[in-house]
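Take a look at the following structure, please.
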Amino acid sequence: MKIRIKTFAQIKDILGADSFLECQDDSSMMEFLKALRERAGKSEDQLFSRDGYLHSNLVLILNGARIYEEEIDSLKLSEGDEITLFSPVSGG
């Protein structure tokens, strides 16, 4: 199944422009993140901690709804899902 990935700023530089990631049917969010970590290659430490979770300063959105770290283990993905990954913007 194909999962659409939308990225911005530095994350786009690491993972590439908006694209799709092929996953097995009924893949979990953790499996997706593992594949994304592999795509990041040598830059994986900029997005992921050693335990494979996204850094806490990154925002993960699934089909328009924010996903929190405690939800990641239980989420299953479906064909056509859209995942957005970005760093929050701050300033004053």
Side-chain angles (χ1 to χ4, degrees):
M1 71 180 171
K2 285 186 178 181
I3 305 297
R4 182 177 172 84
I5 307 166
K6 294 179 74 176
T7 56
F8 301 92
Q10 179 187 10
I11 299 169
K12 189 176 220 170
D13 293 340
I14 294 169
L15 297 175
D18 295 354
S19 61
F20 290 90
L21 186 66
E22 285 287 338
C23 297
Q24 294 182 2
D25 289 346
D26 294 325
S27 288
S28 68
M29 181 63 80
M30 277 304 292
E31 291 167 327
F32 172 82
L33 291 175
K34 182 180 177 186
L36 213 55
R37 188 176 183 182
E38 290 172 8
R39 181 182 274 190
K42 294 177 182 178
S43 299
E44 72 176 277
D45 61 337
Q46 293 181 44
L47 303 177
F48 294 91
S49 62
R50 290 181 187 225
D51 61 5
Y53 285 96
L54 287 170
H55 287 305
S56 60
N57 67 320
L58 299 176
V59 176
L60 181 65
I61 306 284
L62 173 62
N63 299 326
R66 183 164 184 178
I67 304 303
Y68 295 92
E69 187 174 335
E70 59 271 10
E71 299 172 296
I72 289 175
D73 289 331
S74 63
L75 283 174
K76 293 286 185 187
L77 300 175
S78 300
E79 177 74 32
D81 280 348
E82 180 177 89
I83 295 176
T84 305
L85 183 61
F86 64 94
S87 278
V89 177
S90 63

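Numbers here simply count residues along the sequence, with the first being 1. The basis for the numbers below is simple: all heavy atoms, side chains too, and nothing from hydrogens, waters or symmetry mates.
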Quiz item: Say you draw a straight line from CG of Asn57 to OG of Ser87; how long is it, rounded to the nearest 0.5 Å?
Solution: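 Separation between the atoms: 5.0 Å.
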Exercise. Give, for atom CG of Leu33 and atom CZ of Phe48, the distance between the pair rounded to the nearest 0.5 Å.
Key: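 So the CG of Leu33 and the CZ of Phe48 are separated by 5.0 Å.
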Quiz item: Could you give the distance from NZ (Lys12) to CD1 (Ile5), rounded to the nearest 0.5 Å?
Solution: 12.5 Å
Practice problem: Considering non-hydrogen atoms only, spot the tightest contact between Ile3 and Cys23 and give its length. | Solution: CG1-SG, 4.0 Å
Quiz item: For Arg39 and Leu21, which heavy atoms make the closest approach, and how far apart are they?
Solution: NH2-CD1, 3.7 Å
Quiz item: Are Gln10 and Ile14 close enough that some pair of their side-chain heavy atoms sits under 4.5 Å apart?
Solution: yes
Quiz item: With a 4.5 Å limit on heavy-atom distance, are the side chains of Phe32 and Ser27 in contact?
Solution: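 A side-chain contact under 4.5 Å is absent here.
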Quiz prompt | Arg37 side, atom CZ; Ser43 side, atom OG - distance, nearest 0.5 Å | solution =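 The OG atom of Ser43 is 12.5 Å from CZ of Arg37, to the nearest 0.5 Å.
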Quiz item: Which heavy atom of Met29 sits nearest a heavy atom of Leu77, and at what distance?
Solution: CE-CD2, 3.9 Å
Self-check item: Spatial distance of atom CG (Asp81) from atom CG (Leu62) [nearest 0.5 Å]
Solution: 5.0 Å
Self-check item: Leu54 and Leu85, any side-chain heavy atoms less than 4.5 Å apart
Solution: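 A side-chain contact exists here, since the closest heavy-atom pair is under 4.5 Å.
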Quiz item: Do you see a donor-acceptor pair shorter than 3.5 Å between the side chains of Gln24 and Glu31?
Solution: no
Self-check item: 4.5 Å side-chain heavy-atom contact, Ile83 and Ile67
Solution: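 No. Closest side-chain heavy atoms not under 4.5 Å.
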Quiz item: Which ILVMFWY residues can you reach from Val59 by hopping between side chains whose heavy atoms are under 4.5 Å apart?
Solution: Phe8, Ile61, Phe86
Quiz item: Do Lys34 and Met30 touch side chain to side chain, with heavy atoms closer than 4.5 Å?
Solution: no
Quiz item: Atom CD in Gln46, atom CD1 in Ile11: separation rounded to 0.5 Å?
Solution: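 So the CD of Gln46 and the CD1 of Ile11 are separated by 10.0 Å.
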Quiz item: Around Arg66, counting heavy atoms of other residues, nucleotides and ligands shown, do more than 12 lie under 6.0 Å from its CZ?
Solution: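 Yes, CZ of Arg66 has more than 12 neighbouring heavy atoms, counting only those of other groups under 6.0 Å.
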Self-check item: Short side-chain to backbone donor-acceptor contact, Glu79 and Lys2, under 3.5 Å
Solution: yes
Quiz item: Which residue pairs pass the salt bridge (charged side-chain N to carboxylate O under 4.0 Å, His left out) test when at least one of the two sits in residues 68-78, sequence neighbours left out?
Solution: none
Quiz item: Applying the 4.5 Å side-chain criterion to the ILVMFWY set and letting contacts propagate, would Phe20 and Leu15 be lumped into a single cluster?
Solution: no
